[in-house]
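Please read the structure below before turning to the comments.
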Amino acid sequence: MKPFDLEKAKNGAPVCLYDGTPVKILDFDYNGKILCKLQQKGLSGKIIDRLGDFDSDNLYMSPTFVYMNVYKKENNSELVGGSIRATQEECVDARKTDHLNDWLQWFCVAKVELLMEDE
């Protein structure tokens, strides 16, 4: 998980809890507490909205995921990643037109978390 970044959160970047539960920040308290709204599944299985105060230590920046075609050599000895795309559908379409060596075969679409971003 990416560490919580107060400035990015104030500018609307998505935030989550450690388990990946998305939270919406409603307000920033002067005591360092952050008022958040989150949705959780109740005992009946129904999704309910909850409010909670969190320290910045309990919040994380939501992960950014992209998709990438993965190819394999004919002898299955090595996997090779292709270009990064925004959606799984784009990867499936691109595998038909990707210009790769003849000795590579399409294997799968991988969901990849970006750990670093260009600023």
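Residue numbers run from 1 in the order of the sequence given.
The side-chain heavy atoms of Val112 and Phe65, taken from C-beta on, include no pair separated by under 4.5 Å.
Note that the CE atom of Met61 and the NZ atom of Lys8 stand 6.5 Å from one another [nearest 0.5 Å]. Asn11 CG to Asp5 CG: the interatomic distance, rounded to the nearest 0.5 Å, is 9.0 Å. Between the CD1 atom in Ile84 and the CD atom in Glu90 there is a gap of 12.0 Å [rounded to 0.5 Å]. Here NZ of Lys2 is found 10.0 Å from SG of Cys16. Values are rounded to the nearest 0.5 Å.
Under the side-chain contact (heavy atoms from CB on, under 4.5 Å) criterion, Tyr67 pairs with Gln88, Cys91, Val109, Lys111, not counting sequence neighbours. In this structure, the ring pair (Phe, Tyr, Trp, His ring centres under 6.0 Å) partners of Tyr18, at least two apart in sequence or on a different chain, are Tyr60. In this view, Glu89 and Thr87 satisfy the side-chain contact (heavy atoms from CB on, under 4.5 Å) rule, not counting sequence neighbours.
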